[in-house]
Amino acid sequence: MKICMIGTGYVGLVSGTCFAELGNNVICVDIDKKKINKLKEGLIPIYEPGLQELVVRNSNQGRLHFSSNIGISIKNSDIVFICVGTPTNKNSNKANLKYVFNAAKTIKNNLNKYKIIVTKSTVPVTTGDKIENILNTRKNKNKFDVVSNPEFLREGEAIRDFIYPDRIVVGFNGKKSSKILRSLYSPLVSKGASYLQTSRRAAELIKYASNGFLASKITFINEIANLCEKIDVNIEDISIGIGLDKRIGSRFLRAGPGYGGSCFPKDTKALLSTAKNFNTELSIVNSVIKSNNNRHKILTSKIKKILNNRLKNKKITFLGVTFKAGTDDMRESPSLKIIPNLIRKGSLIKYYDPTGSKNEFNGLKNTTYCSDIKNACKNADLLIIHTEWNEFKQLNFKKLIKKKSFKIYDMRNLYSPIKMKKNKINYFSVGR
Ligand code: UGA
């Protein structure tokens with residue numbers, strides 16, 4: 001099939017590349033000419049394990065193309081995916097749909113034959129209806145269908161999530177589009193993915209409800225972890241104990257520094273905003289957002305307690321600063337709040353991240369990036385494991401820190417408290 005992906009951000013680039021890998025002819029377009037030129041040379045603007053290799057292979061085999069000529073690319077395609085960003089508006093919880101509607105207008109102006117227009121961007125319920133209204137103002141008689149097909153890719157795992165999805169959700173109003181999309185996804189369905197056909201509005205809401213539910217699950221276990229710390233219970237026993245109940249499920253029950261990234265924080269807020277538009281209260285989602293926003297305060301207090309209420313001039317090292325492992329993404333990372341909290345109290349911060357130094361900390365006093373773990377850890381008073389990268393899972397702390405007395409705060413529960421005790425290491429973790 002001839003596919004055009006509008007937007008070469010995370011969703012467009014990963015999905016477009018994977019559609020090419022499945023044998024389709026894909027053109028990824030973007031208004032950013034620099035980005036397109038780099039992609040033509042095989043240079044990937046995002047950090048996603050395995051993506052570069054797939055882009056290069058599919059480009060060389062002639063199935064994957066890049067262009068900044070959006071009009072012609074739309075004209076040459078049968079299916080057009082809208083994959084542009086939907087950031088939160090500055091002064092509200094609303095998703096900003098300016099880029100989505102601009103894409104819809106461009107499609108309208110280049111509708112030279114029947115096309116299926118698919119929104120992959122995360123868009124509030126009724127956006128599909130609005131896109132349809134924009135297309136209905138076209139001058140020619142060419143037909144089209146507007147379909148919602150949300151993505152469920154996790155950063156760092158995106159290729160695997162695309163090729164082996166739990167489910168594919170397609171929300172549509174026209175019969176023709178249903179047949180074509182089913183056939184587009186048939187290679188994944190034959191490998192075992194569930195394929196759910198539903199209404200367009202339902203598909204749009206499934207995406208928000210999924211992210212809202214997963215964010216709630218994480219927040220729930222984080223609050224239970226707070227309680228565990230008070231009553232001397234291990235949170236992992238609770239996660240396993242409740243996760244064995246199939247109605248609950250074991251995934252997304254890892255207690256930690258709170259959820260971050262480009263999706264959960266943005267989508268939970270947008271879900272609230274949609275509910276408000278329809279006069280509906282979502283008190284659980286509201287509490288989840290509040291609880292997650294406050295998590296950095298609880299963690300900073302704990303750090304203070306670990307250091308006996310003395311944060312001034314304490315050498316604190318962060319291992320990992322991104323919101324999770326497998327990505328260079330800093331958006332809404334808990335470290336963005338915890339590090340400034342500590343700096344304000346006079347601590348001296350060093351950090352190491354496998355994806356390099358971060359602009360977000362430029363200009364923040366007493367915050368130094370170290371290009372290797374050794375330099376970052378040497379002489380630290382407190383070592384904070386903030387992100388769960390594999391390279392942090394087998395460290396010899398005594399050798400690294402080279403100091404008699406030091407403390408470890410493992411925000412991802414990577415190490416065994418029992419082993420740490422045996423090794424006489426002053427070790428703290430989350431909910432244990
Ligand atoms: C999330 C969803 O998992 C994807 O299904 C969805 O497609 C994507 O948002 C999106 O809307 O585009 P992502 O933001 O890449 O994917 O990251 P996750 O792996 O879901 O993690 C989100 C946050 O929750 C991270 O901060 C992570 O550290 C945290 N988390 C996750 C926990 O604290 N505990 C867990 O058990 C799981």
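In listed order, ligands and their atoms are each counted from 1. Index from 1, following the sequence.
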Who passes side chain to side chain contact (heavy atoms under 4.5 Å, CB included) against Lys345, sequence neighbours left out?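 If we apply the side chain to side chain contact (heavy atoms under 4.5 Å, CB included) test to Lys345, skipping adjacent residues, the hits are Leu311.
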
Pairwise side chain to side chain donor-acceptor pair (under 3.5 Å) hits with a residue in residues 38-59, at least two apart: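 Only Tyr10-Glu48, Glu21-Arg57, Glu21-Asn58, Asn58-Arg63 qualify under side chain to side chain donor-acceptor pair (under 3.5 Å).
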
List the residues meeting side-chain hydrogen bond (donor to acceptor under 3.5 Å, both in side chains) with Lys266, not counting sequence neighbours, and say none if there are none.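 Result, side-chain hydrogen bond (donor to acceptor under 3.5 Å, both in side chains) vs Lys266: Thr86.
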
Neighbouring protein residues of ligand 1 - any heavy atom closer than 4.0 Å: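 Lining ligand 1: Glu151, Phe152, Leu153, Arg154, Glu155, Lys207, Asn211, Ile218, Phe252, Leu253, Arg254, Gly258, Tyr259, Gly260, Cys263, Phe264, Asp267, Phe323, Lys324, Arg412.
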
Could you tell me whether Tyr369 and Tyr351 have their ring centroids closer than 6.0 angstrom?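 Here the rings of Tyr351 and Tyr369 have centres that are less than 6.0 Å from each other.
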
Is it true that Arg154 and Asp161 make a salt bridge, defined as a side-chain N closer than 4.0 Å to a carboxylate O?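 A salt bridge links Arg154 with Asp161.
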
Stepwise, does the salt bridge (Lys or Arg N to Asp or Glu O under 4.0 Å) test hold for Lys207 with Glu151? CA-CA 8 Å; Lys207 168 69 190 198; Glu151 59 86 17; 3.4 Å; yes

